[in-house]
Amino acid sequence: MKRSEQTRSRAGKVLGIAFLLAGFLIAATVCAADPAGPSQIPNIFKPDSTPADSIFRLSKLVLVITSIIFVVVFSLIAYATAKFRKSDADDGSEPPQVYGSNQVELAWTVIPGLIVLVLFLATARVILSVQDAPKPPGAIEVIAVGHQYWWEYRYPELGVVTANELHVPVSDLQHPTPTFITLLSADTDHSFWVPRLAGKTDLIPNHPNHTWIDPHEAGLFLGQCAQYCGVQHAKMLLRVYVDSAADFDAWVQGQKRFAATNDAAAEGRRIFESTACINCHAVSGTVADGHFGPDLTHLMSRDTLAAGAALNTRENLRAWIQSPDSIKPGSLMPAMKLSDHDLDALTAYLETLR
Amino acid sequence: MNSVAAAHPPLKPEWTLPSRGRVGMFCLIAAESAVFTIFVIAYIFYIGKSVSGPQPKDVLELPLFISICLLSSSLTIHLAVRALRRLEPTGFKFWWIVTLILGTIFLVGTGREWHHLIYDRGLTVSTNLFGTTYYSLVGLHAFHVTAGLIAILTVAILALLGKVEFEYHEKLDVFSLYWHFVDVVWVIVFTVVYIVGR
Amino acid sequence: MASEIIAINEFAGGGQSVGEWLHGWVTTVDHKRLGILYILFSVFFLVIGGIEATIMRIQLMVPHNHFVSPEVFNRMFTMHGTTMIFFVAMPVLFGFGTYLIPLMIGARDMAFPRLNALSFWLTAFGGLLLYFSFIGGNGLYGAGNAPDVGWFAYAPLTSRAFSVGHSTDFWTLALLISGIGSIGTAVNFITTIITMRCPGMTLGKMPLLAWMNLVTAGMVILAVSPLTAAQIMLCFDRYLGAHFFDTQAGGSAVLWMHFFWIFGHPEVYILILPSFAFASEIIPVFSRKPIFGYPIMVAATVMIGFISMSVWAHHMFAIGMSSYGNTFFTITSMLISIPTGIKIFNWIGTMWGGKIQFKAPMLFCVAFLFQFLIAGLTGIMLAASPFNWQLTGSYFVVAHFHYVIVGAILFTLFGAFYYWYPKMTGRMYNETLARWHFWLFVIGFHLTFDFMHIPGLLGMPRRIYTYEPGRGWEFWNLLVTIGTFVQGIAVLIFVGNLLWSMFKGPVAGNDPWDAWTLEWSTTSPPPDYNFATIPVVESRRPLWDLKHPEDPDWKYE
Ligand code: HEA
Ligand code: HEA
Ligand code: CUA
Ligand SMILES: [Cu+2]
């Protein structure tokens, strides 16, 4: 008697806990979707651009349908396990042996079939609208090249080359200026993912891809490389700066200038140009035209170093040149082993690259 | 309940199931087909994608003679097994050894073709995508021919020693399925490599 | 008494010298011993793979953690994924299949006993080779190296340019060899099931476990072979300088993705079908009713087998396929939910109107039903390709597949362990410990994998060794790590229970569950020859017919 009571209360607990956890999960998902959350969270349920928004609307439909299925089937299982437990007063006889029923089977084949049809049609619509969207005349074109652990951005029409921090204009509905991005890879596979702007698209060598975004408000949008690409896949962060039209133009003008020259940093410049730096980095207007590493022409216009791995401060810059591994172990820039003096001069030079 | 019903339901008197060897061989052939399919897909996918020469049309010649040899060996192995089943040991030995010879001719032919490509034409696995896919696909097939020939040779030796008796016909029949499979694969490889790909 | 003596002989080698005992196990071709070897092998690797998971979770407990280096973390998820799929899930399912199929279809052994042994040892060798990479990956001086390319090893990361040293060679060889072992096992399963059924057991009277393993084996043949082919190509690339996946020479990274997932997707059904098989044997016995809708269960299994061959590219929605490609793979992926749903409903139908006894095996199966439901529904979300563009490559995917693999497969497996433990060892496990195991594992599982969905929705990619604070991920990751430890303790209890019960458990007898399939008609553990006389069956539940001569099943089938 005692034993089976225990069994029963435990079976009750299974259900209790299961319901609790399921409720928790749903509640947490809803919290995560809370539109009032802080903006640095790359929440896929807080879209700010058409592709992300279409996806969001589809995902709401999918979530509602799956939740209904969940509640119905969950209740069926819960009811069956609670109701048909062997009772304490059981006489030991076997229950009626039922082998099946064709009507019931038909029902639970056809109903899911209809649900699948609905889901599929809704999905197909969104696939087409996002993937085959036409490119309007005012669109900005960007070529993004994934490198092992950093991003190269080229604006072929604007003559700008930069790295790691993508600047795009706000696209309002009256004057759409979406950004169409061609995705290439210089080495392994990467994936471009800024959750609030668009879903992922991979960057694959020999296999150019395309994506587009049209952010509706200015601000900084975070994301990161979402396809494993090697040791520092974790620190291949994405930062998309959405500027107002005026700010964007100003930024473009700034980027188009040659690198600043400053006599105070002449020594640093000499060191830079006589070290291996120039084999990998480009600074326009100087002998440096390497392309293995990020373009440094306007290094100081960026907020972060090494694809978001560290803030762009004097100490970090110095530490980076001295030993990239201290900030991003496994990055492909070697430690340059410069003397303290040279290091200071070099840092001072880099700081003039505005 | 009616207790008379406990009597056994009518059982079919004989209970026969397919032969083990055959089912096993069919499974193996299915697996091998999947492997070859992947190699063939890779070959077709890379046709014309090599970034540097030589191209198939520059270097490949139709290996007609050895193909005919290989295909006819399917017939001879069939005749061999049939002879064994009909208790004709000499016929069996004869056809079996003809099969061995035909298979060997094929293999030697492939070897000569490779020798020519490597030493006269400078095409190796690492030359370009054509080299990679060509040697892999043809090589995979040649590997299967080799495996088959080793088995055929073993049986041939046993046969000459008089150790192959009537009761082996079942096993050799199953083995001949493998040999037919290797031939069919060659038809596909031939079509893809020497006709479509050239 | 007799069975007790056999139990001791089987495991402890009573009356034999250690050498003889070991020799007996190593050279065995008996399907029961090989089954047990498979199972022990995978429990060992489960603990290793679990330790690797624990290392990852400690690293991810807080942002910017320095518990392990990025290199070590990357090796950990690669080894964890590879180990768990190829050296835990596959062999343990093969192990149960090898042990149970001949017993359940009334045969004395597998069709090809020596091939059976070869397959096991190939798998075992593959596992050892994979782990040898820790020592040999970079030569002895580079000890501690191991593959770090991820379990699906996308090109060109595996090329010599990006993966120097030998660790990737060990990875590809290990999978090549164990893959051949798997194909061997599959050939054996199919041949055994088709040609060795006892008299009267037509295909329509075969236990569902045999049916589902038959379909699984067919899928192994059609799916693992492409993987083997792709591994051969990768070997050519790495050893002979071929260019299949060398993007510098015009090779294609996408081709590898297709080849891998043509294997990879059917693979996940290869793993889930045997676990459906366990549920289909356990749920009826503990509900005291026959399986609801047997023919439809069989049909659904075959349907799943077919459809799952055509959905592979749903792992590749983000690679820039055409909109038609994305649409096609969306519909095929969603179609699978129909036959899968049928199964869930049939299990509910089986419990409906029964007298359910919540012994440990049944507890695990009921939890499986709940969890598989959720896991399947997150699968549907992933299958909606636009939604997938947000979810793929994120922790949501990791949560989805652990929900299936742990929440469904591991749960039914634990159920299977408890259910057949008395048959395999002749002794009963300890029910109290089993309940502790169950509850801790349920709690640990939900703590870990429920909350893992959330960082995924908040933009956390998978395979990152550390993450930035302030993105709303910290709290969830902490919970996930705590859950892992609870799971770890539960697994320890499980292993402890198996060991303890082997020596101290009460003797089980032939048929402790009052069950209906043939394995329960022979002694526990079964004798070498399984059945003194080959049984003859008339229905799907031969022992029911024996126990209820007044109302046998064959009257209704
Ligand atoms: C092991 C078993 C297993 C199983 C059974 C499944 C089942 C399913 N999986 Fe999952 N999956 C994995 C293991 C598994 N998966 C793994 C390991 C990965 C990732 C690998 C990696 O990247 O490392 C993965 C990844 C994965 C992806 C790719 C994610 C990505 O990387 O982008 C997708 C996308 O479509 C997907 C979908 C599905 C679907 C639709 C099912 C369906 O079969 C689910 C069907 C079940 C149900 C739907 C519930 C029951 C049905 C009903 C109650 C009927 C009513 C319901 C409806 C009408 C909807 N899975
Ligand atoms: C059979 C398949 C299987 C199983 C059972 C598991 C089980 C677990 N997995 Fe894993 N997992 C995969 C298959 C599986 N996994 C695959 C295929 C990947 C993808 C890899 C890739 O991306 O390449 C993956 C990836 C993966 C990741 C993502 C890594 C990343 O992307 O960075 C994580 C992170 O949390 C994780 C965690 C876990 C945990 C906590 C468990 C737990 O359930 C484990 C529980 C078990 C134990 C804890 C061990 C037993 C107990 C002891 C040894 C006692 C001592 C331990 C303690 C007291 C803690 N797994
Ligand atoms: Cu680039 Cu991950
Ligand atoms: Cu899949």
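A note on names: the letters A, B, ... follow the listed sequences, proteins ahead of strands, and every chain is numbered from 1.
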For the interface with chain A, which of I464(C), D514(C), I344(C), L335(C) has the highest count of heavy-atom pairs at distances below 4.5 Å?
I464(C)

Does the side chain of P156(C) reach to within under 4.5 Å of the side chain of P205(A), using non-hydrogen atoms?
yes

Can you find a pair of side-chain heavy atoms, one from R471(C) and one from Q224(A), that are under 4.5 Å apart?
yes

Side-chain heavy atoms of N206(A) within contact of S252(C), under 4.5 Å
no

Heavy-atom side-chain proximity of F45(A) to L458(C) below 4.5 angstrom
no

Given that the side chain runs from C-beta out, which part of S93(A) has a heavy atom under 4.5 Å from chain C: side chain, backbone, both or neither?
both

Heavy atoms, side chains only, cut-off 4.5 Å: are R288(C) and K86(A) in contact?
no

Could you check whether the rings of W108(A) and F345(C) sit parallel, tilted or perpendicular, using 30° and 60° as the cut-offs?
parallel

Minimum heavy-atom separation for P95(A) to S287(C), with atom names?
CG-O, 3.9 Å

Between CG of L369(C) and CG of L76(A), what distance do you get to the nearest 0.5 Å?
11.0 Å

A122(A), part contacting chain C, at a heavy-atom distance under 4.5 Å:
neither

Between Q131(A) and M321(C), is there a donor-acceptor pair closer than 3.5 Å when you use the side chain of the first and the backbone of the second?
yes

Side chain, backbone, both or neither: which part of L58(A) has a non-hydrogen atom closer than 4.5 Å to chain C?
side chain

Within the structure provided, determine whether Y99(A) and Y294(C) are in side-chain contact (heavy-atom separation under 4.5 Å).
no

Below 4.5 Å from any heavy atom of chain C, which atoms of L237(A) appear? Answer side chain, backbone, both or neither.
side chain

Examine whether an atom of V126(A) lies under 4.5 Å from a heavy atom of chain C, and if so say whether it belongs to the side chain, the backbone or both; otherwise answer neither.
both

Under 4.5 Å heavy-atom distance to chain C, tell me which part of N102(A) shows up: side chain, backbone, both or neither.
side chain

For P290(C) and V98(A), work out which heavy atoms get closest and say how close.
CG-O, 3.4 Å

Given side chains that start at C-beta, do those of K200(A) and F317(C) come closer than 4.5 Å, heavy atoms only?
no

Tell me, out of D148(C), N388(C), T466(C), who's got the most heavy-atom pairs with chain A below 4.5 Å.
D148(C)

Would you mind checking which part of I44(A) comes under 4.5 Å of any heavy atom in chain C, side chain (CB onward), backbone (N, CA, C, O), both or neither?
both

Structural part of S54(A) lying under 4.5 Å from a heavy atom of chain C:
neither

How close do I338(C) and G113(A) get, counting heavy atoms only, and between which atoms?
CD1-CA, 3.6 Å

Is the closest side-chain heavy-atom distance between R462(C) and Y228(A) below 4.5 Å?
no

Could you look at Q97(A) and say if it's the side chain, the backbone, both or neither that has a heavy atom under 4.5 Å from chain C?
both

Heavy-atom contact with chain C under 4.5 Å, split by part of D189(A):
both

